[in-house]
Amino acid sequence: MSIVETTLIFVGIPAAVFLLVAALVFGRAAAHTPRYRPGGSWQFEPVWYLPHPDHGGPALSKPPAALLDTAGSRALPGQVLETATASGGASGEW
Amino acid sequence: MQSSSTASALGADLHTDRDGAATVDPYVTEQRAKDLTTRRDSQSGPDRPFKPAQLARIDEALTLASRETGLLFSVYVGELGTDSRATAEAMFGKLSGRHHAPVLLAISPAQRRLEIVTGGESARRIPNRVASLAALAMRGSFANGDLAGGIVTGLRQLADAAGVA
């Protein structure tokens, strides 16, 4: 065996196997890295998500006054349509 | 005005970005809320917090929860200022102008803080005890770095508790 063949077999093949295993292990992790880590930074723009209007019921994106006009399509007659003020909920930290 | 954060919080408003998707910019005061919709494709990307698959899950949970219960579920992810509760309640005020029973889930990943705000009909149908339980479940996911999973879990729990409209 020439020196080139020896090198290829005893260095090249183990190195190739090592790289393959390393790619399998770390490649998946790199592809699935979460964009948020607790305590990490958060540089994204604020986002505010709302449900699709066509699925969320007829009252979506209408002020209470406009809701009154179309109340027959959904709400019971005589229902009090007050403007909700924040009165409950929960807070938390992690 | 007590602080700059409170001022910006009260100015928080819905507006539509260039893709027509609903986002919030705490520094925008003008009111443009015609196209309130989540859009998976335009809301995902390198500068967006969620991947398309995560966004699809949030979108589905949000839409399902709102459709089942008749409440307006809404999810905010971003800065909440020093008084996070006041900021969240100011944002809730914006929502209550559009729907009689909104529910706001406000999450600030940078501050590791989460606020669930209910009011009116939504407060009657979602007791604070249930909201605390949902917050607990969400905190568990968030502490593991799973923002989208926590949001979906919270939405499901709150919607289950609220029941069918």
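Computed over heavy atoms, backbone and side chain alike; hydrogens, waters and symmetry mates excluded. Each chain gets a letter, A, B and so on, in the order the sequences are listed, and its residues count up from 1.
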Checklist line | Segment of B/Ser108 engaging chain A (4.5 angstrom heavy-atom cut-off) | finding: backbone
Next item on the list: Taking all heavy atoms of A/Gly89 and all of B/Ala131, pick out the closest pair and write down the distance.
Entry: C-CB, 3.8 Å
Margin query: Can you tell me which of B/Ala123, B/Ser74, B/Ala110 forms the most heavy-atom pairs within a distance under 4.5 Å of chain A?
Written below: B/Ser74
Notebook entry, point to check: Do you reckon A/Ile9 sits in the same ILVMFWY cluster as A/Ile3, going by side-chain contacts under 4.5 Å, direct or chained?
Noted result: no
Note to self: Please classify the contact between B/Pro127 and chain A as side chain, backbone, both or neither, with a heavy-atom cut-off of under 4.5 Å.
What the structure shows: neither
Next item on the list: Under 4.5 Å, counting heavy-atom pairs only, tell me which of B/Pro109, B/Ala143, B/Ser132 racks up the most with chain A.
Entry: B/Pro109
Check: When rounded to the nearest 0.5 angstrom, what is the spacing between OH in B/Tyr76 and CH2 in A/Trp48?
Finding: 8.5 Å
Next item on the list: Using a 4.5 Å cut-off on heavy atoms from C-beta on, say whether the side chain of A/Trp94 contacts that of B/Ser141.
Entry: no
Item checked: Hphob cluster co-occupancy, B/Phe142 + A/Trp42, side-chain heavy atoms under 4.5 angstrom -> yes
Next item on the list: Please confirm whether the backbone N or O of B/Asn144 pairs with a side-chain atom of A/Arg37, one donor and one acceptor, at under 3.5 Å?
Entry: no
Notebook entry, point to check: For the side chain of B/Asn128 and the backbone of A/Gly88, is there at least one donor-acceptor N/O pair under 3.5 Å apart?
Noted result: no
Next item on the list: Report whether B/Leu105 and A/Phe44 are members of the same hydrophobic cluster (ILVMFWY, side-chain heavy atoms less than 4.5 Å apart, transitive linking).
Entry: yes
Check: Does any heavy atom of chain A fall under 4.5 Å from the side chain of B/Phe92, the backbone, both, or neither of them?
Finding: side chain
Margin query: Would you compute the distance between atom CZ of B/Arg113 and atom OG of A/Ser91 and round it to the nearest 0.5 angstrom?
Written below: 5.0 Å
Notebook entry, point to check: Is the shortest heavy-atom distance from the side chain of A/Leu50 to the side chain of B/Phe73 under 4.5 Å?
Noted result: no
Notebook entry, point to check: Which region of B/Ile107, side chain (C-beta onward) or backbone (N, CA, C, O), has a non-hydrogen atom less than 4.5 Å from a non-hydrogen atom of chain A, or is it both or neither?
Noted result: side chain
Notebook entry, point to check: Is the number of heavy atoms from other residues, nucleotides or ligands within 6.0 Å of CG (A/Leu19) greater than 12?
Noted result: yes
Next item on the list: Check each atom of B/Leu147 against the heavy atoms of chain A and say whether the ones under 4.5 Å are side chain, backbone, both or neither.
Entry: side chain
Next item on the list: Could you tell me whether B/Arg112 and A/Glu93 have a side-chain N and a carboxylate O separated by less than 4.0 Å?
Entry: no
Margin query: How close do B/Ser66 and A/Pro51 get, counting heavy atoms only, and between which atoms?
Written below: OG-CG, 3.2 Å
Check: Which region of B/Leu133, side chain (C-beta onward) or backbone (N, CA, C, O), has a non-hydrogen atom less than 4.5 Å from a non-hydrogen atom of chain A, or is it both or neither?
Finding: neither
Margin query: Looking only at heavy atoms and a cut-off of under 4.5 Å, which of B/Ala65, B/Ser122, B/Gly78, B/Gly119 has the most pairs with chain A?
Written below: B/Gly119
Notebook entry, point to check: Hey, is CZ on B/Arg139 packed in by over 12 heavy atoms from elsewhere, all under 6.0 Å?
Noted result: yes
Notebook entry, point to check: With under 30° as parallel and over 60° as perpendicular, where do the rings of A/Tyr49 and B/Phe50 fit, or are they tilted in between?
Noted result: tilted
Next item on the list: Evaluate the criterion side chain to side chain contact (heavy atoms under 4.5 Å, CB included) for residue pair B/Val75 and A/Val47; output intermediate values, then yes/no.
Entry: CA-CA 8 Å; B/Val75 175; A/Val47 283; over 6 Å; no
